[in-house]
Amino acid sequence: MSGASIPQKLKVRIGGILGSWYSVRIKGSDLLYRIHKDEDEDDFKELKINPGEQQWRDFRKALDDIGIWQWKEEYPNPGEADSTQWFVELEWDGRTIKSSGDSNFPIADGNPENEAEMSPTFDRFLDAVRKLIGDLEFR
């Protein structure tokens with residue numbers, strides 16, 4: 001791939017304590033997309049995805065637009081029992097972010113929302129991931 005840059009590192013994971021887990025990670029210029037439909041780590045479906053240059057450019061723009069580089073390292077659980085856990089690790093053109101949360105999500109300025117509902121900023125992040133992987137399920 002010649003025109004658009006791609007991340008040197010990309011790992012994203014999201015799921016509930018009782019339910020499905022979704023993950024995307026970069027391997028070379030491909031993405032490995034994985035769905036775990038239950039708690040058994042060995043029971044999963046994996047697909048290899050090769051995004052085009054425009055998809056990578058759109059993804060990077062979306063990340064910059066939502067201010068992902070300002071996200072905090074941890075967004076701890078605000079006392080919710082039914083939790084959604086997420087993790088993102090990204091290194092791209094000298095910028096890095098490693099962030100995770102447990103039923104808590106970043107808002108536009110990178111601060112925690114402190115509510116179990118996903119913030120509009122985090123929804124935009126998930127939309128960007130879905131577009132990068134060809135609109136596959138990722139929630």
Side-chain angles (χ1 to χ4, degrees):
M1 185 159 99
S2 57
S5 74
I6 64 171
Q8 288 73 49
K9 184 181 285 188
L10 172 63
K11 294 179 186 177
V12 183
R13 188 174 60 241
I14 189 166
I17 287 184
L18 300 173
S20 300
W21 277 87
Y22 303 87
S23 68
V24 173
R25 67 183 173 91
I26 196 165
K27 186 171 184 180
S29 61
D30 293 324
L31 293 173
L32 297 180
Y33 166 76
R34 187 180 279 193
I35 305 172
H36 292 269
K37 285 293 186 183
D38 59 37
E39 297 163 12
D40 182 3
E41 282 291 316
D42 295 327
D43 183 21
F44 63 87
K45 178 173 107 177
E46 187 170 83
L47 299 172
K48 187 188 287 189
I49 300 164
N50 191 310
E53 290 183 24
Q54 189 61 51
Q55 285 172 284
W56 282 118
R57 277 194 291 273
D58 292 347
F59 183 62
R60 176 59 191 256
K61 181 177 182 336
L63 296 179
D64 291 342
D65 288 350
I66 64 170
I68 195 169
W69 311 109
Q70 302 176 99
W71 287 10
K72 300 188 181 323
E73 191 172 332
E74 292 185 22
Y75 293 84
N77 189 304
E80 298 294 325
D82 182 22
S83 70
T84 298
Q85 297 172 336
W86 60 271
F87 170 83
V88 60
E89 185 174 6
L90 181 60
E91 183 180 329
W92 202 336
D93 294 337
R95 298 189 90 173
T96 60
I97 182 72
K98 189 173 184 178
S99 185
S100 63
D102 184 359
S103 287
N104 202 350
F105 307 91
I107 58 175
D109 64 3
N111 283 313
E113 185 175 51
N114 292 323
E115 293 182 19
E117 292 296 314
M118 286 185 194
S119 67
T121 299
F122 198 79
D123 278 337
R124 288 175 60 202
F125 170 69
L126 293 180
D127 284 344
V129 172
R130 282 190 288 269
K131 286 179 182 155
L132 182 66
I133 61 174
D135 291 319
L136 293 169
E137 190 174 12
F138 197 85
R139 54 184 175 86

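Using bins of under 30°, 30° to 60° and over 60° for the plane-to-plane angle, the ring pair F122/F105 lands in the tilted bin.
Here R60 pairs with D64 under the side-chain hydrogen bond (donor to acceptor under 3.5 Å, both in side chains) rule; sequence neighbours left out. Every residue meeting the side chain to side chain contact (heavy atoms under 4.5 Å, CB included) condition with S83, not counting sequence neighbours, appears here in chain and number order: I17, N77, Q85, D102, S103. With sequence neighbours excluded, no residue satisfies salt bridge (charged side-chain N to carboxylate O under 4.0 Å, His left out) with K11. Take D123 and apply the side chain to side chain contact (heavy atoms under 4.5 Å, CB included) test, not counting sequence neighbours, and it matches M118. Listed by chain and number, the residues in a side-chain hydrogen bond (donor to acceptor under 3.5 Å, both in side chains) with D135 amount to none (sequence neighbours excluded). Annotation: salt bridge (charged side-chain N to carboxylate O under 4.0 Å, His left out) contacts of R130 (sequence neighbours excluded): D127. In terms of the salt bridge (charged side-chain N to carboxylate O under 4.0 Å, His left out) criterion, D58 has no residue partners (sequence neighbours excluded). By the side-chain hydrogen bond (donor to acceptor under 3.5 Å, both in side chains) test, R95 pairs with no residue at all, sequence neighbours left out. Contacts of E91 classified as side chain to side chain contact (heavy atoms under 4.5 Å, CB included), with partners at least two apart in sequence or in another chain: Q8, K9, T96. By the side-chain hydrogen bond (donor to acceptor under 3.5 Å, both in side chains) test, K131 pairs with no residue at all, sequence neighbours left out. E137 pairs by the salt bridge (charged side-chain N to carboxylate O under 4.0 Å, His left out) definition with K37, R139, not counting sequence neighbours. Residues that satisfy the side chain to side chain contact (heavy atoms under 4.5 Å, CB included) test with A128, not counting sequence neighbours, are F59, A62.
One N or O on the side chain of T121 and one on the backbone of A108 form a donor-acceptor pair closer than 3.5 Å. Under a 3.5 Å cut-off, the side chain of S119 and the backbone N or O of P106 do form a donor-acceptor pair. A donor-acceptor contact shorter than 3.5 Å links the side chain of N104 to the backbone of N114.
Side chains of W86 and S100: no donor on one and acceptor on the other come within 3.5 Å.
At a threshold of 4.5 Å between non-hydrogen side-chain atoms, the residues L136 and Y22 do not count as touching.
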For ring pair (Phe, Tyr, Trp, His ring centres under 6.0 Å), just list the numbers for W21 and F87, CA-CA rounded to whole Å, side-chain angles, deciding distance to a tenth of an Å, and then say yes or no. CA-CA 11 Å; W21 277 87; F87 170 83; over 10 Å; no
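In the hydrophobic clustering of this structure, L31 groups with L126; members are Ile, Leu, Val, Met, Phe, Trp, Tyr whose side-chain heavy atoms approach within less than 4.5 Å, directly or through other members.
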